[in-house]
**Q** 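I'd like to ask you about the structure that follows.
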Amino acid sequence: MPELPEVETVRRGLRQAMEGEVIERVEQRRADLRFPLPRGFAARLTGRRVIAITRRAKYLLADLDDSSVLIMHLGMSGSFAVTLPDDAPVADGFAPPRRVLHEHVVFHMSGGARIGYRDPRRFGIMDIASADAISAHRLLADLGPEPLGSSFSAGCLNRRLAGKRTSIKAALLDQRIVAGLGNIYVNEALFRARIAPARPAHSLVRRRGPGQELSHLARAVKSVLREAIDAGGSSLRDHARTDGSLGYFQHAFAVYDREHGRCVRVECGGIVRREVQSGRATFWCPRCQR
DNA sequence: AATCTATCCTGTTAGC
DNA sequence: TGCTAACAGGATAGAT
């Protein structure tokens, strides 16, 4: 589920509960998620103080006080739930704590927070790496620029899309070109930029530097991600903030999951279409996206 | 080299 | 109501 805005929302929640605190205990309830958890996973984290929770693309990174880094990816269905000591249910004796289904890892923090990682489909990832080699880690090494960073721009797209014969939609989903977009936000950004998803990527490239289309596109990517972060992400099925509250950017979708809907540009009058493009649902307004 | 396809896994939902 | 099939926000190994 989670794309960059959802991961960023989760990061902000984890900061509250983890930064500056010591991981006092780790419960590991299965040996693997998408990949096997590293050897000695719980032992290597126990007693470590969390210096910072950062994000690279859709990866969450917990910098620890021994120069190691806990790398976490939510895959399609991963979520974190933070329970603070104050949240403890009043002892009325009628609500025994029910074991959460598909909760695979639990961190118990020195401040009393309980942080449960739940991931029904188990496409998520956890790994521990050394801080000095973090950007060379196999999961992070090939990632393109952060779309909200200063290195991502129309000029950057102009260079990276040159000669790409694949569709602009597939290109934006490629984490090597720009890192953090997924299916929802690619659809939304292309709508904002009024670019048809099936356009060959190279057809947007201009020899002498980025043209209007890529300028619009770079701006659209940034604006849709910023607005989604401000809304706490999009809650379709799995995504919730770490306190359980829902994001609400799904109400702002212009095209995603709006097949047969009227184009939100009222003067357009087009009808949103859905088509499967390289195996993924694509939504767009054929009238204003060209 | 670039680009597609199938696949990991489970839960939800659309359709019969 | 109950069953089955299709589909889901990701990423990648392997085929072409």
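Throughout, protein chains are lettered first and strands after them, A, B, ... in sequence-line order, and every chain is numbered starting at 1. Hydrogens, waters and symmetry mates play no part in the numbers below; they use all other heavy atoms, side chains included.
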**Q** Please give me the minimum heavy-atom distance between Glu3(A) and Leu181(A), naming the atom from each residue.
**A**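 Residues Glu3(A) and Leu181(A), closest heavy atoms: OE1-C, 3.9 Å.
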**Q** Would you say the side-chain atoms of Lys169(A) pair up with the backbone N or O of Ala196(A), donor to acceptor, closer than 3.5 Å?
**A**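 It does not hold such a pair.
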**Q** Of the candidate nucleotides dG10(C), dC7(C), dG11(B), which contains the atom at the shortest distance from the side chain of Arg274(A)?
**A**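 Of the options given, the side chain of Arg274(A) lies nearest dC7(C).
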**Q** To the nearest Å, how far apart are Ile168(A) CD1 and dT3(B) P?
**A**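 Checked: the CD1 to P distance equals 12 Å.
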**Q** What base-paired stems does DNA chain C take part in, with at least 3 consecutive Watson-Crick or G-U wobble pairs and both distances under 3.5 Å?
**A**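 So the stems come out as B:2-8 with C:10-16, B:10-16 with C:2-8.
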**Q** Output yes when a side-chain donor or acceptor of Asp119(A) lies under 3.5 Å from a complementary backbone atom of Gly124(A), and no otherwise.
**A**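 It does hold such a pair.
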**Q** Rounding to an integer number of Å, can you tell me how far Glu3(A) CD sits from dG10(C) C1'?
**A**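 Interatomic distance, CD of Glu3(A) to C1' of dG10(C): 9 Å.
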**Q** Measure the distance from CZ on Phe123(A) to P on dA8(C) and round it to the nearest whole Å.
**A**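 Taking CZ of Phe123(A) and P of dA8(C), I get 13 Å after rounding.
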**Q** I'd like to know if Arg280(A) reaches the base of dA8(C) with its side chain such that a donor and an acceptor end up less than 3.5 angstrom apart.
**A**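 Flag unset: no donor-acceptor pair detected.
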**Q** Rounded to whole Å, how long is the line connecting atom CG of Leu236(A) with atom P of dC7(C)?
**A**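 To the nearest whole Å, that distance equals 17 Å.
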**Q** Classify the side chain of Arg121(A) versus the base of dC9(B) as yes if they form a donor-acceptor pair under 3.5 Å and no if they do not.
**A**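 Check passes, donor-acceptor contact within cut-off.
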**Q** Compare every heavy atom of Glu24(A) with every heavy atom of Thr46(A), then report the nearest pair and how far apart it is.
**A**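 Answer, listing the atom of Thr46(A) first, then Glu24(A): CG2-O, 3.5 Å.
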